[in-house]
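For reference, the structure is listed below as structure tokens.
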Amino acid sequence: MEKKETPVIYAALLGLGTVGTGVYKVIKSQESEMEQKLGAKVVIKKILVRNLEKAAAKVDDPSVLTNSWEEIREDDTISVVIEVMGGISPARAYIEEALAKGKHVVSANKDLIAVHGKELFDAAHKSGSDFLFEAAVAGGIPIIRPLKQCLAGNHMQEVMGIVNGTTNFILTKMAQEGMEFADALQLATDLGYAEADPTADIEGLDAGRKVAILASVAFNSRVVFDDVHIEGITKITASDIRYAREMGCGIKLLGVARNTEDGIEAYVCPMLIPSSHPLATVNDSYNAVFVQGDAVESAMFFGRGAGEMPTASAVVGDVFDIVRNILSGCCGRIGCTCYKNLPIKKMEDVNSRFFLRFQVEDRCGVLAEMTTVFARYHVSVVQIVQEESRKDGQAEIVVITSRVREKDMNRALDELRRSECVSEISGVLRVYGE
Ligand code: NAP
Ligand code: HSE
């Protein structure tokens with residue numbers, strides 16, 4: 001009997017930076033097994049770059065390089081486009097044009113998906129194409145596909161976690177080596193974790209984009225970047241971390257999305273988390289996502305949230321999924337899963353426990369004055385720590401509250417800021433959990 005020829009699926013890479021280079025390498029490393037694994041061969045036919053000369057050293061055959069998007073778009077033999085360029089423009093236009101041409105798209109572009117996800121899904125639906133984006137959240141950790149498929153039998157109540165490696169590395173160094181923020185950031189930059197402009201990481205924007213995507217997928221309702229309340233880690237000090245430790249907690253930049261009766265809560269902020277929580281032990285540049293559903297109860301996903309090869313692992317997983325769909329004639333099987341239109345809760349209505357660090361006058365009656373203000377705004381104190389008196393007549397007081405509405409906490413803090421006994425509010429952090 002004649003041997004059937006193995007089908008070849010042609011793909012194009014848009015971008016050959018960190019992730020693009022990883023995707024190229026992973027696809028090469030899978031070459032010998034693809035036929036058995038997928039029943040097809042995946043060949044990268046074209047790679048879109050800006051600088052042909054610079055890119056030539058990264059590939060075996062420089063003739064695959066092009067700086068013409070149109071050449072890729074108009075090549076009907078290319079059925080999969082892998083967008084790893086980043087940014088909104090021209091990435092958005094290229095993805096939409098590829099989908100309109102009936103091509104399938106894989107993207108790692110969280111900046112784009114967190115803002116224009118709906119438009120991209122609509123375009124994919126219109127052409128019956130696949131649009132997959134596993135790498136956009138937590139790099140190499142599988143979380144989008146588990147939420148859309150393995151956990152589809154749940155009503156998800158919460159999805160939260162450490163979704164930024166750079167800030168987790170910085171906070172780990174601050175906790176383990178007593179470093180201040182600026183020194184830990186410098187180390188992260190020297191070791192290549194932080195980008196030349198670290199703003200998106202340290203100000204929580206990168207994590208905010210991932211939370212928007214996670215919440216949309218977990219709760220079947222669109223959450224965009226602007227819906228997410230975002231605070232970064234730039235104000236965290238070694239003192240905050242030391243006090244947190246004394247209180248049995250670590251400090252992590254957490255992305256939290258909760259599906260409550262009165263709307264979706266979505267925020268990113270540095271939070272105290274009990275040392276006994278599994279996320280408290282996720283250190284260095286690792287990421288982890290913790291989910292809670294009505295059937296599964298809780299599940300945790302852990303691994304490398306960024307980097308050339310871990311991110312490429314997720315991208316290539318998506319490409320292989322598409323290849324299987326093409327071979328089975330079932331593309332577009334799982335498209336947009338946002339079929340609800342849930343309200344987004346304002347941050348001022350979210351209830352949290354708080355960790356507060358005050359510099360106050362060291363005299364009788366100060367605590368009574370403070371607790372009177374707290375009582376006025378329904379803030380209940382559950383723990384107070386005061387260090388030994390200082391020579392300057394000031395004392396540092398650290399307070400942990402029970403759950404209180406943000407709006408009330410802010411009013412109490414405004415009044416305390418104006419009071420004579422408080423000279424400074426040096427730290428305001430939320431505490432994760434009930
Ligand atoms: P990168 O290293 O900056 O690579 C981007 C590449 O795309 C560069 O080679 C750049 O070319 C090229 N490019 C940009 N605009 C282009 C254009 N208009 N035409 C042709 N080429 C263009 O970025 P990356 O770290 O690989 O990230 C790529 C995407 O993956 C982003 O969306 C990012 O958010 C996402 N992601 C990254 C990671 C990670 O660990 N790095 C993890 C998860 C997701 P030049 O070199 O000429 O500028
Ligand atoms: N800059 C991100 C991080 C990786 O530090 O986790 C890309 O998502």
Side-chain angles (χ1 to χ4, degrees), residues 8-24 27 40 42-52 55 59 63-137 144 209 212-213 216 222 224-225 311-312 314-326 329-338:
V8 177
I9 306 289
Y10 288 108
L13 257 182
L14 312 187
L16 193 62
T18 305
V19 181
T21 307
V23 171
Y24 182 82
I27 288 189
V42 181
V43 172
I44 296 190
K45 191 173 178 189
K46 287 285 163 202
I47 305 178
L48 182 71
V49 294
R50 274 197 283 231
N51 184 330
L52 294 169
V59 290
S63 71
V64 296
L65 301 172
T66 176
N67 43 29
S68 161
W69 158 243
E70 291 71 24
E71 192 186 325
I72 293 171
R73 187 187 63 200
E74 297 307 321
D75 185 338
D76 291 335
T77 66
I78 293 176
S79 43
V80 185
V81 167
I82 307 165
E83 186 276 304
V84 282
M85 292 166 25
I88 306 294
S89 180
R92 179 183 174 188
Y94 291 0
I95 292 176
E96 288 180 349
E97 287 171 27
L99 292 169
K101 280 272 179 187
K103 299 182 195 300
H104 309 284
V105 175
V106 175
S107 172
N109 196 332
K110 54 198 168 268
D111 304 35
L112 177 63
I113 297 165
V115 178
H116 297 292
K118 183 177 183 324
E119 293 93 312
L120 300 176
F121 276 113
D122 286 350
H125 181 70
K126 204 168 156 198
S127 65
S129 299
D130 277 331
F131 173 63
L132 302 183
F133 53 97
E134 185 62 66
V137 177
I144 301 299
R209 291 171 183 130
I213 299 171
S216 303
R222 180 72 50 204
V224 296
F225 178 62
T311 310
V315 171
V316 174
D318 279 350
V319 173
F320 284 6
D321 225 17
I322 289 175
V323 170
R324 290 185 173 116
N325 288 347
I326 292 174
C330 61
C331 291
R333 196 168 54 94
I334 304 173
C336 180
T337 45
C338 290

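Values in this document were obtained by computation on a predicted structure and should not be read as measured data.
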Q: State plainly whether the residues K118 and D122 are in salt-bridge range, i.e. N to O under 4.0 Å.
A: yes
Q: Over all heavy atoms of both residues, which pair between I113 and A136 is shortest? Give the atoms and the distance, please.
A: CD1-CB, 4.1 Å
Q: Please name the pair of heavy atoms, one in A114 and one in A212, separated by the smallest distance, quoted to 0.1 Å.
A: CB-CB, 4.2 Å
Q: Check the pair T18 / T311 against side chain to side chain contact (heavy atoms under 4.5 Å, CB included), numbers first and verdict last.
A: CA-CA 9 Å; T18 305; T311 310; over 6 Å; no
**Q.** Gap separating the CG atom of L14 from the CD1 atom of I82, nearest 0.5 angstrom
**A.** 8.5 Å
(Q) Using every non-hydrogen atom in the two residues, find where E97 and R73 come nearest and quote the distance to one decimal. (A) OE1-NH1, 2.8 Å
**Q.** Any residue meeting ring-ring contact (aromatic ring centres under 6.0 Å, His included) with Y94, in chain and number order, not counting sequence neighbours
**A.** W69
**Q.** Pairwise distance CZ(R92) to CG(L120) - rounded to 0.5 angstrom
**A.** 7.0 Å
**Q.** V316 vs V42 side-chain heavy atoms within contact, under 4.5 Å
**A.** no
Q: Supply the atom-to-atom distance R50 CZ to M85 CE, rounded to the nearest 0.5 angstrom.
A: 7.5 Å
Q: Can you measure from CD (E83) to CD1 (I95) and round to the nearest 0.5 angstrom?
A: 4.0 Å
Q: Taking all non-hydrogen atoms of both residues into account, name the closest pair between G332 and D130 and its distance.
A: N-OD1, 2.8 Å
Q | N109 side chain vs I88 backbone, donor-acceptor pair below 3.5 Å | A | no
(Q) Would you compute the distance between atom CG of L13 and atom CG of L48 and round it to the nearest 0.5 angstrom? (A) 9.5 Å
**Q.** Short N-O contact, E74 and K101, less than 4.0 angstrom
**A.** yes
Q: Give the minimum heavy-atom separation between V23 and V315, together with the two atoms involved.
A: CG2-CG1, 3.6 Å
Q | Shortest non-hydrogen contact from S79 toward I9 | A | OG-CG2, 3.5 Å
Q | Residues I72, I78; criterion side chain to side chain contact (heavy atoms under 4.5 Å, CB included); working and verdict | A | CA-CA 7 Å; I72 293 171; I78 293 176; 4.2 Å; yes
Q. Does the distance from a Lys or Arg side-chain N to an Asp or Glu carboxylate O, for K45 and D75, drop under 4.0 Å?
A. yes
(Q) For R222, give me all partners under salt bridge (charged side-chain N to carboxylate O under 4.0 Å, His left out), at least two apart in sequence or on another chain. (A) none
Q. OG1/T337 to CD1/I144 distance, rounded to the nearest 0.5 angstrom?
A. 9.0 Å
